[in-house]
Amino acid sequence: MSRFRWSSPFSFILAAGGAAVGLGNIWKFPYITGMNGGGAFVLMYLLCIFLVGVPIFIAELYIGQSAQANTVKAFHHLKPNSYWGFSGYLGVASAFIILSLYGVVSGWILDFEFQALTGKLLQGTSKTVNSQLTGLLASPVRQIFWFLIFIFTSGLVVALGLKRGLERWNKILMPLLFLMLIGLFTFSISLDGFAPALKFMFNPDFSKLTSQALLEAIGHSFFTLSLGIGVIMIYGSYLSPKESLPKIAFSVALLDTFVAIVAGLIIFSIVFTFGLDAKSGPELIFVTLPNLFQQMPGGSLLAIIFFLLISFAALTSAISILELLVSYLVESHGWSRNNAVLSASFGSFLVGLLNVFSYF
C-alpha cells in the first residue's frame, strides 16, 4: 500500500503549523511573557526557537522522512536492535497523556465560547464575570460535556483520513485562524495600550531576566513546536524524500512565532489599556480578559471572536497529537483507522476524567 503524501509543501506547512499553533501560542506564551518581565524574555524565547527548536524540528522531520513510518517503527528502522525504540514508545505514551490533559483545557475554551455566544459570559457585574472559571471548575458535568465534544470533534477529523481529514481541515481552520488573529490585531492597534504593549514586548530589560525565565523559554520552545513526542516525526513521514527540510522547518517556526507575538500584542494592548498588571498568570484569558471585554465597546463580539480563535488553535494541535496515536495503532498493530481513532479518543477521555475530578 502506497504511503500518503502531503499534496504540496504548503499543505504540510499548514498542517505542521496547525500542530505547532495551539494553546501554547495564544494562552501560555502571553502569560509567561507577562510573568517573566516582557522584552528580555521574548528575546530569549526567539533565540531558543531558532537556535534550539528549529534544529531539533529538522532532526525530527528527517527521522520521519527517512523512515516513512510511525515514531516507534522509525527508531527501529534507523537503529535496529537498540534501545532507541523505547523513545518511540515514550513519545506515544506522552502524546496520550498530553491529549487527555489538553482536551480538558480545550473544553474550558469551548465552554467560554458557548457562554460568549449566548451572551452569558459578560452578563452581570465584574464579580460575576470573574467567577465564570470558578463556576466551570465546580461543575464536572459542564467540564465533561465540553471535553467530550472536543475529543469527538478531534476524532472525527482524524477518522476522515489524512487527505479528507488533516489536510483538508487544516486548509480551512488555519486561514480562518489567521483572519481572526489579524482582525483582533487591527483592533488592538486602535487601543491606548498598544504602544505600551510594544514597549513591554520589544524593549528588553535584562535585569528582569532570571535563570527560571531561561528554562521557561527553552521549555516553551519545545512545547510550542510540538517537539519531543513524535508529532513532527509522523508528519515528516508523509513528506516526499525530495523536500527541503530546513526551508520547511524555518517556515513553520516563523509561522508559529508570528502567531505567538501577535497574540501577545493583542492581549497586552487590552491589558495595558485598562491599566492592569501583565502578571496575571494562567488566569489571563479566563478571568482578566473576560473582565476587560465586559468594559469595552463591542466586547461581546470580541469575546466571541477571541475564544473561537483559541478553539481553532486548540483543535489543530489536538488532531496532530491524535494522528500520532492512530498511526501507531494502525501501522504497528494492524488496527483499522476507525477503531484506532475510537480507542485512542476514548482512552484519552477516560484519563482526562481524572483531571476533571482533581478540581473537587
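Starting from 1, each residue takes its place in the sequence as its number. Values below: every heavy atom of this structure, side chains too, minus hydrogens, waters and symmetry copies.
- In this model, a donor atom of one side chain and an acceptor atom of the other lie less than 3.5 Å apart for Asp205 and Ser207.
- When every heavy atom of Ala253 is checked against every heavy atom of Leu225, the shortest pair comes out as CA-CD2, 4.2 Å.
- Ring-plane geometry between Phe29 and Tyr45 is classed as tilted, the angle between the planes lying from 30 to 60 degrees on a 0 to 90 degree scale.
- Between the side chain of Ser221 and the main chain of Ile49, no donor-acceptor pair closer than 3.5 Å is present.
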Test log, rule side-chain contact (heavy atoms from CB on, under 4.5 Å), inputs Ile261 and Phe202
CA-CA 10 Å; Ile261 295 297; Phe202 298 113; 3.6 Å; yes
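- The two residues Ala263 and Ile26 come nearest to each other via the heavy atoms CB-CA, 4.0 Å.
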side-chain contact (heavy atoms from CB on, under 4.5 Å) evaluation trace for Ser251 with Leu254
CA-CA 5 Å; Ser251 297; Leu254 286 171; 5.9 Å; no
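- For CG of Asp192, the number of neighbouring non-hydrogen atoms (other residues, nucleotides, ligands) closer than 6.0 Å is 12 at most.
- Once rounded to the nearest 0.5 Å, the distance linking OG of Ser345 with CG of Leu350 reads 11.0 Å.
- One finds the OG atom of Ser343 at 11.0 Å from the CG atom of Leu325 (value rounded to the nearest 0.5 Å).
- Between Trp108 and Leu136, some side-chain heavy-atom pair lies under the 4.5 Å cut-off.
- Relative orientation of the Tyr235 and Tyr238 rings is tilted, given thresholds of 30° and 60° on the angle between their planes.
- Of the possible donor and acceptor atoms, none in the side chain of Ser317 sits under 3.5 Å from a partner among the backbone N and O of Ala314.
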Working note: Phe178 + Val259, criterion side-chain contact (heavy atoms from CB on, under 4.5 Å); need CA distance, chi angles, decisive distance, verdict.
CA-CA 8 Å; Phe178 276 99; Val259 172; 3.8 Å; yes
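- Donor-acceptor pairing under 3.5 Å is recorded for the side chains of Ser332 and Asn70.
- With hydrophobic clusters built from ILVMFWY side chains whose heavy atoms lie under 4.5 angstrom apart, Phe152 does not share a cluster with Trp169.
- Linking ILVMFWY residues whenever their side-chain heavy atoms come closer than 4.5 Å, directly or via other members, leaves Leu117 and Leu122 in distinct clusters.
- Side-chain atoms of Arg337 come within 3.5 Å of backbone atoms of Val158 as a donor-acceptor pair (strictly under, hydrogens ignored).
- Looking only at distances, a side-chain donor or acceptor of Ser226 sits under 3.5 Å from a matching main-chain atom of Ala19.
- Within the 3.5 Å criterion, the main-chain N or O of Gly107 finds no donor-acceptor partner in the side chain of Asp111.
- Ring-plane geometry between Tyr89 and His76 is classed as perpendicular, the angle between the planes exceeding 60 degrees on a 0 to 90 degree scale with a lower cut at 30.
- Among the candidates Phe349, Phe150, Phe147, the single residue satisfying the side-chain contact (heavy atoms from CB on, under 4.5 Å) test with Val104 is Phe147.
- A centroid separation of 6.0 Å or more is found between the aromatic rings of Phe268 and Phe194.
- By the 4.5 Å heavy-atom criterion applied to side chains, Leu239 and Ile248 are counted as neighbours.
- For Gln65 (side chain) and Ser240 (main-chain N/O), a donor-acceptor pair under 3.5 Å exists by modelled atom type.
- Closest heavy-atom contact between Val21 and Thr316: O-OG1, 3.4 Å.
- Val330 and Phe96 fall within the same hydrophobic cluster, where Ile, Leu, Val, Met, Phe, Trp and Tyr residues are linked whenever their side-chain heavy atoms come under 4.5 Å apart, directly or through other members.
- When side chains are defined from C-beta on, Thr33 counts as touching Phe200, because their heavy atoms get closer than 4.5 Å.
- The backbone N or O of Phe187 lies less than 3.5 Å from a partner atom in the side chain of Ser190, making a donor-acceptor pair.
- Looking at His220, its side chain does come within 3.5 Å of a backbone N or O of Gly24 through a donor-acceptor pair.
- How far CG of Leu289 is from CG of Leu121: 10.5 Å, rounded to the nearest 0.5 Å.
- Using a 4.5 Å cut-off on side-chain heavy atoms (C-beta onward), Phe50 and Phe250 make contact.
- Using a 4.5 Å cut-off between side-chain heavy atoms of Ile, Leu, Val, Met, Phe, Trp and Tyr, with links allowed through other members, Leu209 and Leu215 fall into different hydrophobic clusters.
- The side-chain heavy atoms of Met296 and Phe274, taken from C-beta on, include a pair separated by under 4.5 Å.
- Between Trp146 and Phe114, the ring planes are tilted. Angles from 30° to 60° get that label.
- With contacts defined as side-chain heavy-atom distances shorter than 4.5 Å, the pair Phe272/Leu191 does not qualify.
- Judged by distance alone, the side chain of Ser188 and the main-chain N or O of Ile266 form no donor-acceptor pair under 3.5 Å.
- Remark: Glu167 does not engage Arg5 in a salt bridge, criterion side-chain N to carboxylate O under 4.0 Å.
- Here the straight-line distance linking atom CG of Asn25 with atom CG of Leu181 works out to 9.5 Å at 0.5 Å rounding.
- Exactly one residue among Tyr31, Phe112, Phe306, Phe293 makes a ring pair (Phe, Tyr, Trp, His ring centres under 6.0 Å) with Phe286. That residue is Phe112.
- Under the 4.5 Å side-chain heavy-atom criterion for ILVMFWY residues, a single connected hydrophobic cluster contains both Ile182 and Leu308.
- Counting heavy atoms from C-beta outward, Leu309 and Leu176 have side chains that stay 4.5 Å or more apart.
- Between Leu329 and Ala344 the shortest heavy-atom distance is CD1-CB, 4.5 Å.
- With Gln115 contributing its side chain and Leu110 its backbone, the two residues share no donor-acceptor pair below 3.5 Å.
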Assess whether side-chain contact (heavy atoms from CB on, under 4.5 Å) is satisfied between Phe41 and Glu216, documenting all intermediate values.
CA-CA 9 Å; Phe41 175 80; Glu216 190 85 69; 4.0 Å; yes
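- Separation of atoms OG (Ser237) and CD1 (Ile63) is listed at 12.0 Å; rounding is to 0.5 Å.
- Taking each heavy atom of Ser94 and Ile229 in turn, the nearest pair found is CB-CG2, 3.9 Å.
- Taken to the nearest 0.5 Å, the CZ atom of Phe12 stands 12.5 Å off from the OG atom of Ser7.
- In this structure, Lys28 is positioned above the aromatic face of Phe223, its NZ or CZ under 6.0 Å from the six-membered ring centre and within 45° of the axis.
- Donor-acceptor pairing under 3.5 Å is recorded for the side chains of Asp256 and Thr224.
- The two atoms that bring Pro290 and Phe307 nearest to each other are CG-CZ, 4.2 Å, heavy atoms only.
- With contacts defined as side-chain heavy-atom distances shorter than 4.5 Å, the pair Tyr102/Ser154 does not qualify.
- Using a 3.5 Å distance cut-off with no hydrogens or angles, the side chains of Ser11 and Ser8 do pair a donor with an acceptor.
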